[in-house]
Amino acid sequence: TMSNPADSFTLPSSDEGWEKSQLMGGIDPSDSQYGEDFKGKGVAEDPTLWGRPGHLTSTEADTFFKFKEEVNSRGGDFKDTVYCFGLEEGEVWALCRWLRARKYVYDDVIAMIEEATAVRKDAKQDNFYPNPVDALGCEASLFYAQYPQLYSGYAKTGVPLFISKPGILNVDGMEVITTLDGILKFHWHIMMHDFADRLRSQKAKDPEKFKRFECLCVLDLDNLTMSQLSRKTLSIIKEQSAIDSVAFPETMYKMILLNAPSFFSATWRLIKGWLDPRTAAKIEVISSKTEGEARLLELVDADNLPSDYGGKAQDTERTLANTCEGEEDRLVTKMLYLRGHGSETMDVPAGMSVQATIITRSTAGASFSLTDYDTKAILSKDQEVVHQDENALTPTRLLLNAEKIKGPLKLKVKADSNASRFTTHNFLIAFSFFKA
């Protein structure tokens, strides 16, 4: 057995200016017993420590210093790319994050950062879209109604908890409200103005303990069907993943795939074989809801875990409703696939009032009216909505009732298409609820 002179080593409190022996966890770089077979301190026992500060090999530490010199000499956009979350991340943590992404192969790391700098260029010129409406062409609450995803508290390690629900992703609704370009701009906004802010605030709160700028991702696959994994859905996921893998590498702490349907588990076994073993080791697929909640409670304190995932924190539906603008209490949307005539209904409970807005990209258009489903009373006469510019980022909207309609009642939205009954046109109905 190899004697380890570095057992008493503790990581330096500063994130800057580490010496080679510190990068190696207190090991003397000249000690011949740590030869080519040495994988880094503690790495044989815990492979997740590979490439992290305090666990480097002598060769990796040499690459670190060469890389550090290059980053500082280039400065400018190159350095901004490396410190994408700000200098607050700390020198050793930021640099090792990029080095791990390309397995400490120096030329590959430099090529990756040059590529990431090019990928970031347009978004950077617009300061990564600080206003989500400018990015999407619509308010964020409308986007979340089609694709529920949110940051909600923090894991026990301090990393932000992110929950996404691709099982209820409404691709047709997304296509009405925004474009793929808008979705990608919004992704830059989230990464640079939401995720990054959370990381920096955690670092400011606990600079001694919070070092890893990472995220615990939960993908809730409940209600996922084969048909949802369409070309359009996959293209959204693929484009977002491409940005993350090149511009925000090594930021996944763990990914938990919850409520995985049986067809997905079989697919996953195949996909896992294609992944880098270190990445695959960070991903867990759990089909049982009970097992999933138990696993999340191992990773997240109950006070930080939403109640609909087994914790005690605010449930995700309420957190998403809080993204609504102004007085709006919550937003519910329904797709209307209109061929000739069609309708949708919405229950408005006592104590609430509602406004209905039609959103579309249909250049044929349609006429809409509102009635009380039970009494047949007309609440809003026929109004026409037609989208004029099919290349516009923003869709066309029509508010059907400026005066809010009070519950309790069942509201009926009736539609008559301007197009022939042989073509289908898509309309999104947005019901904005207010406390009466």
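Bear in mind that the values here come from a model prediction, so they are computed numbers and not experimental data.
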Assert yes or no for the condition that the ring centre distance of Tyr83 to Trp98 is strictly below 6.0 Å.
no

Asp301 and Tyr154: side-chain donor and acceptor closer than 3.5 Å?
no

Does NZ in Lys205 sit with more than 12 non-hydrogen atoms of other residues, nucleotides or ligands closer than 6.0 Å?
yes

Nearest heavy-atom pair of Val159 and Phe210: which atoms, and what distance?
N-CE1, 3.7 Å

Applying side-chain hydrogen bond (donor to acceptor under 3.5 Å, both in side chains) to Glu384 and Asn418, what does each step give before you reach the verdict?
CA-CA 9 Å; Glu384 189 180 56; Asn418 292 343; 2.9 Å; yes

Any chance CD of Glu317 has more than 12 other-residue heavy atoms, nucleotides or ligands included, within less than 6.0 Å?
no

Give, for atom CD of Glu284 and atom CG of Leu296, the distance between the pair rounded to the nearest 0.5 Å.
9.0 Å

Please check if atom CD in Gln125 has more than 12 non-hydrogen atoms from other residues, nucleotides or ligands closer than 6.0 Å.
yes

Please check this pair: side chain of Lys282 against backbone of Met252, looking for a donor-acceptor N/O pair closer than 3.5 Å.
yes

Taking atom CD1 of Ile378 as the centre, does the number of heavy atoms from other residues, nucleotides or ligands within less than 6.0 Å exceed 12?
no

Whether Lys404 side chain and Val354 backbone form a donor-acceptor pair below 3.5 Å
no

Does CD belonging to Glu16 count more than 12 external heavy atoms closer than 6.0 Å?
yes

Within a strict 4.5 Å, meaning less than it, do heavy atoms of the Leu99 and Glu60 side chains meet?
no

Over 60° means perpendicular and under 30° means parallel, so tell me whether Phe67 and Tyr106 are parallel, tilted or perpendicular.
perpendicular

Would you mind checking if Lys203 and Asp15 are paired as a salt bridge, meaning a charged N to carboxylate O distance below 4.0 Å?
yes

For Thr117 and Asp77, test the side chains for any donor-to-acceptor distance below 3.5 angstrom and give the result as yes or no.
no

Smallest separation among heavy atoms of Pro53 and Val92, with atom names:
CG-O, 3.7 Å

Does NZ in Lys406 sit with more than 12 non-hydrogen atoms of other residues, nucleotides or ligands closer than 6.0 Å?
no

How close do Tyr129 and Ala135 get, counting heavy atoms only, and between which atoms?
CB-CB, 3.9 Å

Step by step, would you call Glu114 with Arg74 a salt bridge (charged side-chain N to carboxylate O under 4.0 Å, His left out)?
CA-CA 11 Å; Glu114 287 170 347; Arg74 286 207 199 190; 2.9 Å; yes

Using the test side-chain contact (heavy atoms from CB on, under 4.5 Å), find all partners of Glu88 that sit at least two apart in sequence or belong to another chain.
Arg200

Please report the shortest heavy-atom distance between Ala116 and Ala247, naming the atom on each side.
CB-CA, 4.1 Å

Does Leu258 reach the side chain of Glu293, with side-chain heavy atoms less than 4.5 Å apart?
no

Are the aromatic ring centres of Phe186 and Phe143 under 6.0 angstrom apart?
yes

Without swapping roles, check the side chain of Trp50 against the backbone of Asp46 for a donor-acceptor pair under 3.5 Å.
no

Carboxylate-amine/guanidinium contact Lys254 Glu298, below 4.0 Å
no

Tell me if the centroids of the rings in Phe427 and Phe368 come within less than 6.0 Å of each other.
yes

Does the Lys NZ or Arg CZ of Lys376 fall within the cation-pi geometry relative to Tyr373 - under 6.0 Å from the ring centre and within 45° of the axis?
yes

Let me see the working for Thr319 and Gln314 under side-chain hydrogen bond (donor to acceptor under 3.5 Å, both in side chains), right down to the final yes or no.
CA-CA 7 Å; Thr319 304; Gln314 179 173 269; 3.0 Å; yes

Within 45° cone of Phe195 ring axis and under 6.0 Å: Arg198 NZ or CZ
no

